[in-house]
K.L.:
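Below you will find the structure I want to go over with you.
Below, chains carry the letters A, B, ... as their sequence lines are ordered, and counting in each starts from 1. Just so you know, these numbers come straight off a predicted model, no measurement behind them.
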Amino acid sequence: MSALGRAAAGALAARLDLLCAMESPMLERNELMRQRLAKIAATRAAGHIPYPNDFVPTATSADAYAWFAADARRLAPFSPVAEGEDAAADSGALKLPAPWTRMAGRVMAINVKGKVAFLRIQDRCAVDLPACRTRDDDLREAAGLDRRNQDGATFQFFFSRDADPETFDALFKPTEGAAWDGPRLDIGDFIGGQGRFFRTKTGEPSLHLAANHEPALRILTKAVRPLPDKWHGLSDKETRHRQRYVDLIVNDEVREVFRRRAKILQGIRQFLDSRGYVEVETPMMHPILGGAAARPFRTHHNALDMPLYLRIAPELYLKRLVVGGIERVYEINRNFRNEGLSVRHNPEFTMLEFYRAYATYEDLMVEVETLIAELAVAVTGSTSVTWGLNADGTPRVIELNAPFKRVRIRDGLKIWGGLTDAEIADEAALRKKAESLGVHIDDHAPLGKVQVELFEAVAEPHLVQPTFVMEYPAETSPLARRNDLQPDYVDRFELFIGGIEISNAFSELNDPVDQHERFELQLLQKAKGDEETMEMDLDYIRALEYGLPPTAGCGIGVDRLVMLLTDSENIREVILFPHMRPELGQKPDAAVEPGA
RNA sequence: GAGCCGGUAGCUCAGCCGGUAGAGCAGCAGACUUUUAAUCUGUUGGUCGAGGGUUCGAUUCCCUCCCGGCUCACCA
């Protein structure tokens with residue numbers, strides 16, 4: 001760097017430093033960052049663009065590995081020559097034709113050894129690369145060569161000083177008065193390189209960088225912040241979740257979880273679309289609370305000057321659509337519930353709800369178990385998945401092959417709770433049992449709710465393998481159809497897997513008079529102090545009066561399903577940006593007054 | 001909301017029964033033309049989460065607060 005460039009860079013970096021420090025402690029600079037900012041400032045001072053946007057890659061890292069796997073001669077070390085040139089060279093070393101290729105990515109490792117440099121780059125194919133490299137190893141082994149035993153999601157650039165001395169020196173060996181006064185290369189920078197594929201003498205597939213009318217290697221984006229330790233990575237959960245972008249850069253398995261999540265969503269849509277369901281989007285802001293028992297978030301519409309709830313469930317809107325003739329309908333979207341956070345609860349979570357006319361909850365059981373089994377195969381390759389650990393520390397295996405077990409609440413209370421039929425019908429006896437187990441049940445809870453809560457307490461450890469729980473009391477299900485033989489119960493199931501509730505479904509109540517009465521019962525409970533009741537929705541009653549065909553509906557907690565299929569025990573591992581308290585230096589009220 | 005545990009360099013972590021801090025990686029300087037956590041030599045870097053108290057002296061002890069993790073409660 002020239003003396004002039006250095007002085008200009010220093011001044012610019014100092015100015016930025018001051019501005020950032022004033023703005024927020026989040027943007028505080030450390031020595032490493034000041035160095036990198038100075039490099040960027042120096043680039044500008046020398047008249048170069050530090051963030052160019054004119055590099056067009058012609059291959060991804062996955063394309064590159066595929067090229068090496070496409071011809072057995074490419075498995076052993078070889079040098080590259082242009083296509084059309086004589087492959088059999090006179091020097092004795094193997095030479096093979098390779099196409100001129102341009103690749104771009106983030107630098108994950110730099111290894112300069114004298115006058116050669118090895119760079120490892122990561123691009124959008126990073127999730128596929130471990131498999132690519134394993135395949136490369138397999139092919140090499142089959143050809144009688146050593147395995148590379150490489151893991152990690154990167155592809156190698158090889159840069160020999162001979163290929164482009166000016167660029168090499170600029171990026172790795174800056175000297176006083178060098179012709180190009182640009183920045184040096186750092187881990188975390190995005191680069192674009194060009195050259196031909198070859199395989200190093202240790203057998204690593206690589207791009208042999210070379211110059212033509214432009215340099216062999218260019219910095220496309222300079223990273224100001226250093227990446228976490230290359231060996232230990234980033235493990236602090238708070239930082240991982242707050243700065244998910246860093247987590248995704250350095251943790252291969254995190255990228256894989258979210259790739260798999262995308263596949264699960266895709267699989268759900270394919271499954272339902274192929275069965276004639278129509279995907280819709282219904283309001284996320286509700287004037288009337290309904291569709292589930294939960295405390296809501298409240299917001300306000302300024303122009304209309306009216307309060308709104310963030311929805312706790314799309315149920316009532318979706319059933320209006322069935323009334324409207326969309327006999328098979330589904331929605332995948334967020335619900336919002338104003339409750340505590342836990343390893344299984346995020347305030348906003350993704351819910352699939354689907355409704356099917358001329359079906360019962362029993363039909364939906366078959367549909368749900370088929371869906372989950374098919375998703376498991378599509379995503380993990382098997383209906384047998386591992387999720388968490390058994391008490392003895394071994395991986396817990398869950399079999400997701402249909403049909404799933406079915407159990408009635410009454411039977412669960414008898415088998416796992418040791419209760420008799422008489423006790424099950426006796427609220428005082430149930431409450432006594434709950435107390436002996438240390439289970440707290442709300443004093444306002446009616447008999448049905450006591451039964452369900454006690455069931456969940458005694459049965460949950462036994463609901464590891466997928467189990468449909470049936471025969472819910474009517475008072476806990478204000479939107480479900482009464483059983484024809486036992487009107488105190490409703491035609492409903494919940495699906496438990498791994499001890500957590502994955503799904504909830506029932507035959508829908510389509511009798512407008514009964515529905516009206518049940519809403520009124522909800523209002524009564526609200527008056528008694530229950531905060532999680534539904535409100536009277538007269539338009540919904542009106543819709544039912546036009547006629548809801550016999551219908552069954554089902555909700556599936558998508559985040560929990562993703563947890564199950566990615567062996568994640570914490571919901572935060574499957575949500576890209578889980579809710580957290582605001583970080584120091586990012587106070588919410590700071591956002592309200594931008595001019596302050 | 002309650003209990004327990006934690007917050008030390010950019011990252012991963014040691015340490016301190018009170019005398020204002022160390023390692024590895026990253027960074028910087030140098031050697032090295034096929035590395036694989038390259039190696040070797042030298043070296044920079046810290047308001048020890050924040051505030052208060054005790055003390056001659058606090059990263060260490062005490063209190064309060066902030067943030068996180070785990071468990072419980074509510075919930076899907």
K.L.:
Go through the steps for A:Phe493 and A:Phe506 under the test ring pair (Phe, Tyr, Trp, His ring centres under 6.0 Å), then give the verdict.
P.N.:
CA-CA 6 Å; A:Phe493 72 78; A:Phe506 38 83; 9.2 Å; no

K.L.:
Over all strands shown, is A:Phe496 touching base, sugar-phosphate only, or nothing at heavy-atom distances under 4.0 angstrom?
P.N.:
nothing

K.L.:
Could you say whether A:Asp186 or A:Asn504 is positioned toward the 5' end of RNA chain B, judged by the nucleotide with the nearest heavy atom to each?
P.N.:
A:Asp186

K.L.:
Does the pair A:Phe158 and A:Phe118 meet the rule for a ring pair (Phe, Tyr, Trp, His ring centres under 6.0 Å), with working shown?
P.N.:
CA-CA 5 Å; A:Phe158 174 83; A:Phe118 302 88; 5.3 Å; yes

K.L.:
Please give, in whole Å, the distance from B:A76 C1' to A:Arg311 CZ?
P.N.:
14 Å

K.L.:
Please determine, for the side chain of A:Glu501, which listed nucleotide (B:A76, B:C67, B:U12) has the closest atom?
P.N.:
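Among B:A76, B:C67, B:U12, the one nearest the side chain of A:Glu501 is B:A76.
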
K.L.:
Hey, are the side chains of A:Met470 and A:Arg492 touching, using non-hydrogen atoms and a 4.5 Å cut-off?
P.N.:
no

K.L.:
With sequence neighbours excluded, what pairs up with A:Glu348 under the side-chain hydrogen bond (donor to acceptor under 3.5 Å, both in side chains) test?
P.N.:
A:Arg334

K.L.:
Is there a side-chain contact between A:Leu185 and A:Ile191 in this structure, where contact means two heavy atoms from C-beta onward sitting under 4.5 Å apart?
P.N.:
yes

K.L.:
Checking A:Arg161 now: which residues fulfil salt bridge (Lys or Arg N to Asp or Glu O under 4.0 Å) with it, not counting sequence neighbours?
P.N.:
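With sequence neighbours excluded, A:Arg161 shows a salt bridge (Lys or Arg N to Asp or Glu O under 4.0 Å) to A:Asp169, given in chain and number order.
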
K.L.:
Mind listing the N/O atom pairs, protein and nucleotides 70-72 of chain B, below 3.5 Å?
P.N.:
from  : atom 1 : to       : atom 2 : distance (Å)
B:C70 : OP1    : A:Asn570 : ND2    : 3.0

K.L.:
Hey, does A:Arg560 reach any base, or is it just sugar-phosphate, or nothing, if we go heavy atoms under 4.0 Å?
P.N.:
base

K.L.:
Which atom pairs, one a donor and one an acceptor, fall under 3.5 Å between side chains of residues 553-565 of chain A and the rest of the protein, sequence neighbours left out?
P.N.:
from     : atom 1 : to       : atom 2 : distance (Å)
A:Asp559 : OD1    : A:Arg261 : NH1    : 2.9
A:Asp559 : OD1    : A:Arg261 : NH2    : 3.0
A:Asp559 : OD2    : A:Thr350 : N      : 2.7
A:Arg560 : NE     : A:Arg344 : O      : 3.4
A:Arg560 : NH1    : A:Glu501 : O      : 2.8
A:Arg560 : NH2    : A:Arg344 : O      : 3.3
A:Arg560 : NH2    : A:His345 : NE2    : 3.3

K.L.:
Need one value for A:Met580: base, sugar-phosphate or nothing, where a base atom within 4.0 Å counts as base even if backbone is also close, heavy atoms only.
P.N.:
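A:Met580: backbone/sugar contact only, no base atoms under 4.0 Å.
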
K.L.:
I'd like a list of close polar pairs between nucleotides 38-40 of chain B and the protein, N/O only, cut-off under 3.5 Å.
P.N.:
from  : atom 1 : to       : atom 2 : distance (Å)
B:A38 : OP1    : A:Lys230 : NZ     : 2.4
B:A38 : N7     : A:Asn111 : OD1    : 2.8

K.L.:
Compare the ring of A:Phe349 with the six-membered ring in the base of B:A76 and state whether they stack (centres under 5.5 Å, planes under 30°).
P.N.:
yes

K.L.:
Please tell me which of A:Ile187 and A:Phe158 maps to the more 5' nucleotide of RNA chain B, matching each residue to the nucleotide holding its nearest heavy atom.
P.N.:
A:Ile187

K.L.:
Looking at A:Lys449 and A:Glu475, is any side-chain nitrogen of the basic one under 4.0 Å from a carboxylate oxygen of the acidic one?
P.N.:
no

K.L.:
Calculate the interatomic distance between A:Glu453 atom CD and B:A73 atom P; express it in whole Å.
P.N.:
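About 11 Å, once rounded to whole Å.
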
K.L.:
Taking any heavy-atom pair under 4.0 Å as a contact, classify A:Arg120: base, sugar-phosphate, or nothing.
P.N.:
base

K.L.:
Can you tell me, in whole Å, how much space there is between the P of B:U43 and that of B:G7?
P.N.:
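So the two P atoms sit 30 Å from each other.
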
K.L.:
Look at the side chain of A:Arg242 and decide which nucleotide, out of B:C67, B:U36, B:U12, has an atom nearest to it.
P.N.:
B:C67

K.L.:
Determine the sole option in A:Tyr309, A:Tyr317, A:Phe297 for which the ring pair (Phe, Tyr, Trp, His ring centres under 6.0 Å) test with A:His286 is passed.
P.N.:
A:Tyr317

K.L.:
Do any N or O atoms of the protein come closer than 3.5 Å to N or O atoms of nucleotides 7-10 of chain B, and which pairs are they?
P.N.:
from  : atom 1 : to      : atom 2 : distance (Å)
B:G10 : O4'    : A:Asn30 : ND2    : 3.0

K.L.:
Under the salt bridge (Lys or Arg N to Asp or Glu O under 4.0 Å) test, which residues partner A:Arg240, sequence neighbours left out?
P.N.:
A:Asp247, A:Glu573

K.L.:
Need one value for A:Glu494: base, sugar-phosphate or nothing, where a base atom within 4.0 Å counts as base even if backbone is also close, heavy atoms only.
P.N.:
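No contact.
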
K.L.:
Considering every strand and a 4.0 Å limit on heavy-atom distances, what is the contact class for A:Arg36: base, sugar-phosphate, or nothing?
P.N.:
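A:Arg36: no heavy atom of the nucleic acid under 4.0 Å.
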
K.L.:
Under 4.0 Å, heavy atoms only, any strand: does A:Gly152 hit a base, just the sugar-phosphate, or nothing?
P.N.:
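No contact.
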
K.L.:
Does B:C67 have its OP1 or OP2 closer than 4.0 Å to a side-chain nitrogen or oxygen of A:Arg581?
P.N.:
yes

K.L.:
What donor-acceptor contacts under 3.5 angstrom involve side-chain atoms of residues 194-205 of chain A, with partners at least two apart or in another chain?
P.N.:
from     : atom 1 : to       : atom 2 : distance (Å)
A:Gln194 : OE1    : A:Trp100 : NE1    : 3.3
A:Gln194 : OE1    : A:Asn212 : ND2    : 3.3
A:Gln194 : NE2    : A:Asn212 : OD1    : 3.0
A:Gln194 : NE2    : A:Glu214 : O      : 3.0
A:Gln194 : NE2    : A:Pro215 : O      : 2.9
A:Arg196 : NH1    : A:Ala98  : O      : 2.8
A:Arg199 : NE     : A:Arg74  : O      : 2.7
A:Arg199 : NE     : A:Leu75  : O      : 3.1
A:Arg199 : NH1    : A:Asp136 : OD2    : 3.0
A:Arg199 : NH1    : A:Gly203 : O      : 2.7
A:Arg199 : NH2    : A:Arg74  : O      : 3.3
A:Arg199 : NH2    : A:Asp136 : OD1    : 2.9
A:Thr200 : OG1    : A:Thr202 : N      : 3.4
A:Thr200 : OG1    : A:Thr202 : OG1    : 3.1
A:Thr200 : OG1    : A:Gly203 : N      : 3.4
A:Thr200 : OG1    : A:Glu204 : N      : 3.0
A:Glu204 : OE1    : A:Arg148 : NE     : 3.1
A:Glu204 : OE1    : A:Arg148 : NH2    : 3.4
A:Glu204 : OE2    : A:Arg120 : NH1    : 3.2
A:Glu204 : OE2    : A:Arg120 : NH2    : 3.0
A:Glu204 : OE2    : A:Arg133 : NH2    : 3.3

K.L.:
Sequence neighbours left out, what passes salt bridge (Lys or Arg N to Asp or Glu O under 4.0 Å) with A:Glu353? Give chain and number order.
P.N.:
none

K.L.:
For RNA chain B, produce a single dot-bracket line, 5' to 3'. Pairs: Watson-Crick or G-U wobble, both distances under 3.5 Å. Symbols: ( ) within strand, [ ] crossing, | other strand, . unpaired.
P.N.:
(((((((..((((.....[..)))).(((((.......))))).....(((((..]....))))))))))))....

K.L.:
Can you measure A:Glu238 atom CD to B:C66 atom C1' for me and round it to whole angstrom units?
P.N.:
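A:Glu238 atom CD is separated from B:C66 atom C1' by 10 Å.
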
K.L.:
Indicate the ring-plane relationship of A:Phe159 and A:Phe172, choosing parallel, tilted or perpendicular according to the 30° and 60° boundaries.
P.N.:
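If you compare the ring of A:Phe159 with that of A:Phe172, the planes turn out perpendicular.
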
K.L.:
Answer with base, sugar-phosphate or nothing: what part of the nucleic acid does A:Gly557 contact at a heavy-atom distance below 4.0 Å?
P.N.:
nothing

K.L.:
Taking the same atom, C1', in B:C11 and in B:C16, what whole-Å distance lies between them?
P.N.:
23 Å

K.L.:
Among B:U33, B:G68, B:A29, which nucleotide sits nearest the side chain of A:Asp162?
P.N.:
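Closest nucleotide among those given: B:U33.
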
K.L.:
Choose from B:G69, B:U34, B:U33 the nucleotide whose nearest atom is closest to any side-chain atom of A:Arg572.
P.N.:
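Ranking B:G69, B:U34, B:U33 by closest atom to the A:Arg572 side chain puts B:G69 first.
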
K.L.:
Please confirm whether any donor atom in the side chain of A:Thr200 sits under 3.5 Å from an acceptor in the base of B:U35, or the reverse.
P.N.:
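Such a pair is found, so the answer is yes.
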
K.L.:
Report yes if at least one side-chain N or O of A:Arg184 is closer than 4.0 Å to OP1 or OP2 of B:A29; otherwise report no.
P.N.:
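Yes, because at least one side-chain N or O of A:Arg184 sits under 4.0 Å from OP1 or OP2 of B:A29.
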
K.L.:
Going by salt bridge (Lys or Arg N to Asp or Glu O under 4.0 Å), name the residues that satisfy it together with A:Glu141, two or more places apart in sequence or in a different chain.
P.N.:
A:Arg147

K.L.:
Identify, with sequence neighbours excluded, every residue that meets side chain to side chain contact (heavy atoms under 4.5 Å, CB included) alongside A:Asp186.
P.N.:
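In terms of side chain to side chain contact (heavy atoms under 4.5 Å, CB included), with neighbours along the sequence ignored, A:Asp186 is linked to A:Arg36, A:Lys39, A:Asp189, A:Lys222.
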
